[in-house]
Amino acid sequence: MTRLLVVALWILVATPVCHAFGIPATILDPTGDSVSMPAGTSSVAFSPGGDHGYVAGTPGVAFPGTLTVYERNPLTGDLTFVEQEEDGTNGVVLPRVGEVVVSPDGKHVYMAGGGVSVFTRDASTGEVTYVENHGPTTRTSSVVISADGAHVYVGGGALSAITTYSRDLTTGALILVDVEAEAQTIVRLSPDGAHLYASRTVFPWTSDVVVFERDLVTGELSLVDTIVKLGESAGDFGREILFSPDARFVYLLGALGTDGAIAVLERDLVSGLLSLAEFQTDGKGGVDGLDGPAHFGMSADGSQVYAVSRPIEDALTVFSRNPDTGALAFVTSDYDTLAGLNPDGIFVAPDGQHVYALGEGLFDRLTVFAPGYSGCTPAPLPGCKNAGRGVVVIKDRAKDSKDKLKWTWKDGQATTLGEFDPGPSDHRAVCGYDGVGQTLFLHALVPAGGDCKPGKPCWQVKPTAVKYKDPFSTPEGIRKIILKPSDVDATRGVISGGRDPLELAGLPLTLPVLLQLQSESGACWETTFPAATINDGETFKTVLK
């Protein structure tokens, strides 16, 4: 597992990134469960309440499609088989496999692949009943439904066109409205329903992103703009399109040249036009986990972005998302859980409690993940060991790259080497609380495990110390930790960090100030500082002798 960071901004258009306090990064942990899927699984969709899952697959070399229904346990994320519909059985027409979606009202299921196939849905059992198939049986790739449920859009087909249908809200049946003869493969609607965005890969290594205005009454599309190129080198961003929940930002998955990347674009809510804000690029100055990006998704609350890549890395990579600027910050990459599974899909349950990664190993499988440790608790942890005397310097500069944190202590309460060692999964966080009410003003997640340079673990356990070093200060600003144990009250510690990822609620601070080093397991070390030598709008400094 390699955990590195780079924010490769396009110099001509990028602006400095400001970090809003209060949106912590979150570790995504595997639950230990995985579910066997139909062969050739290509897409997973959930009912609006998340109680059922619908899986598009193809079981044989003749490429007949299947639609398989599962019941989902909202507590564990487990999926239990309910039924399967197959092409050619009981009149069902599913000639190929593409994307599957559930209507916003939960009444119908639509599956692309060969035109678009329509099913009614029993809300209590999740079972489906075939209605009809529309369009040419040549391959279609994607299908989306407007938030009001009035229109269905299908991308692909014989001419790789965008086909617009009106939808009968009772029966689910479709009526052809229009065919937009723009060669597209992936179609996505903005959350406000005002615009449709479509991607088209143009060989070799390039892609277009096309913006359409949508008539909210008829559903018809009119061309607004075509983005032919992103970045200074050839960019292929035709693999997936995501929107922030507030519709202000658009995220494109693809590559700059041969390097996997995510492009972040700001969206004009009126015109639908896009302007580039930043790239997150694999292998540029450090970021890893996007080599061969296959698919990505966003958490239900919009605070996280998840990407899977294959076939070289077989990685699941997590980014946190700034809701104000749309910027992404690298959190961690998991190379172990999906190793050998050739992951090519990631799907988020509507309640946000589980994330499902699709792998194509010997058998297709969905691996279940759940949002895990996010760092500092809202209030200080009780029962912490005393970290002893120390010095704290915090600088909150106008330029985020100049921010700084340093906390040193000595004569701390007796602690063993094993207690300081986070191992592969006991994540850490550096936390600050001020005032009598102990308000959180600093949170900095420090993930356990991982490499911060190729082949160099972030955490290292030496005979006399546990050390952490991340030159990129990911994900929330901690660059170095040195913890020296002692069997008497003589432990020592150094924690330092800063730069853009460091998030502070703002200076000056209200005394007293409490700093804690917390762990996911509940162990913690703390010092309270009752006074300060400097406490203004830019610098906090205190010494406890």
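This chain uses plain numbering: 1 for the first residue, then up along the sequence.
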Colleague: Which heavy atom of G98 sits nearest a heavy atom of S43, and at what distance?
Modeller: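 Minimum heavy-atom separation between G98 and S43: O-CB, 3.7 Å.
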Colleague: For F243, run the ring-ring contact (aromatic ring centres under 6.0 Å, His included) check against Y251, Y197, F249 and tell me which one passes.
Modeller: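 That would be Y197.
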Colleague: What is the distance from atom CG of D500 to atom OG1 of T474, rounded to the nearest 0.5 Å?
Modeller: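 Spacing of CG (D500) from OG1 (T474) equals 13.0 Å.
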Colleague: Passes side chain to side chain contact (heavy atoms under 4.5 Å, CB included), T164 versus F212? Steps please.
Modeller: CA-CA 12 Å; T164 303; F212 296 90; over 6 Å; no
Colleague: For A339 versus D314, what's the shortest heavy-atom pair and its separation?
Modeller: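 Between these two residues, the closest heavy atoms are C-OD2, 3.8 Å.
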Colleague: From F279 CZ over to L252 CG, what is the distance, rounded to the nearest 0.5 angstrom?
Modeller: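 It comes to 9.0 Å.
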Colleague: Pick out which of D78, L79, N73 makes a side-chain contact (heavy atoms from CB on, under 4.5 Å) with D33.
Modeller: D78
Colleague: CD/E476 to CD/E503 distance, rounded to the nearest 0.5 angstrom?
Modeller: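 Result: 5.5 Å between the selected atoms.
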Colleague: Could you tell me whether the side chain of C376 reaches within less than 4.5 Å of the side chain of Y433, counting heavy atoms only?
Modeller: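 Result yes, sub-4.5 Å side-chain heavy-atom pair found.
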Colleague: Using a strict 4.0 Å threshold on nitrogen-to-oxygen distance, state whether E538 and K395 make a salt bridge.
Modeller: no
Colleague: Can you name the side chain to side chain contact (heavy atoms under 4.5 Å, CB included) partners of P293, sequence neighbours left out?
Modeller: R239, L253
Colleague: Find the distance between CG (L517) and CD1 (I495) and round it off to the nearest 0.5 Å.
Modeller: 4.5 Å
Colleague: Do you know the tightest heavy-atom contact between F296 and V305?
Modeller: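 Heavy-atom minimum between the residues: CD1-CG1, 3.9 Å.
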Colleague: Strictly distance-based, threshold 3.5 Å: is any side-chain N or O of D334 a donor or acceptor partner for the main-chain N or O of L316?
Modeller: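 Answer holds: no.
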Colleague: Please report the interatomic distance NZ(K462) to CG(L483), rounded to the nearest 0.5 Å.
Modeller: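 Rounded to the nearest 0.5 Å, the NZ-CG separation comes out at 14.5 Å.
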Colleague: Do you know which two heavy atoms are closest between D344 and A294, and how far apart they sit?
Modeller: CA-CB, 3.7 Å
Colleague: Identify the two heavy atoms, one from T41 and one from V44, that lie closest to each other, and give their separation to 0.1 Å.
Modeller: CG2-CG2, 4.5 Å
Colleague: How far apart are the C-alpha atoms of L290 and F319, what are their side-chain angles, what is the distance that settles it, and do they pass the side chain to side chain contact (heavy atoms under 4.5 Å, CB included) test?
Modeller: CA-CA 11 Å; L290 291 178; F319 295 87; 4.1 Å; yes
Colleague: Is L338 close to F369 at the side-chain level, that is, under 4.5 Å between some pair of heavy atoms?
Modeller: yes
Colleague: Side chain of R96, backbone of T58: donor and acceptor closer than 3.5 Å?
Modeller: no
Colleague: Assert yes or no for the condition that the ring centre distance of Y356 to F46 is strictly below 6.0 Å.
Modeller: yes
Colleague: Give me the one residue out of D396, L509, D400 that meets side-chain contact (heavy atoms from CB on, under 4.5 Å) with L504.
Modeller: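 Of all the options given, the one that passes is D396.
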Colleague: Quick check: does any side chain N or O of R188 sit under 3.5 Å from a backbone N or O of S199, one acting as donor and the other as acceptor?
Modeller: no
Colleague: Using the rule given for side chain to side chain contact (heavy atoms under 4.5 Å, CB included), can you reason through I27 versus V331, listing the C-alpha separation, both sets of side-chain angles and the distance that settles it, and then say yes or no?
Modeller: CA-CA 7 Å; I27 300 294; V331 176; 4.1 Å; yes
Colleague: Might you work through the side-chain hydrogen bond (donor to acceptor under 3.5 Å, both in side chains) test for D259 and T281, ending with a clear yes or no?
Modeller: CA-CA 7 Å; D259 300 316; T281 310; over 6 Å; no
Colleague: Nearest 0.5 Å please: distance from the OG1 atom of T76 over to the NE2 atom of H354.
Modeller: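 One gets 6.0 Å once the value is rounded to the nearest 0.5 Å.
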Colleague: Please test L189 against H151 for side chain to side chain contact (heavy atoms under 4.5 Å, CB included), starting from the C-alpha separation and ending with a verdict.
Modeller: CA-CA 11 Å; L189 281 169; H151 299 98; over 6 Å; no
Colleague: Evaluate the criterion side-chain hydrogen bond (donor to acceptor under 3.5 Å, both in side chains) for residue pair R428 and Y468; output intermediate values, then yes/no.
Modeller: CA-CA 11 Å; R428 301 291 197 250; Y468 173 88; over 6 Å; no
Colleague: Just by distance, no angles: are the side chains of T26 and S374 close enough, under 3.5 Å, to form a donor-acceptor pair?
Modeller: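 No donor-acceptor contact under 3.5 Å links the two side chains.
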Colleague: Q518 versus H443: any side-chain heavy-atom pair under 4.5 Å?
Modeller: no
Colleague: Do the side chains of C458 and P447 get nearer than 4.5 Å, heavy atoms only?
Modeller: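 Side-chain contact under 4.5 Å: no.
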Colleague: For the pair R214 and E180, find out whether any cationic side-chain nitrogen is under 4.0 Å from an anionic carboxylate oxygen.
Modeller: no
Colleague: Could you report the tightest heavy-atom contact between Y373 and S519, atom names first, then the distance?
Modeller: OH-C, 3.9 Å
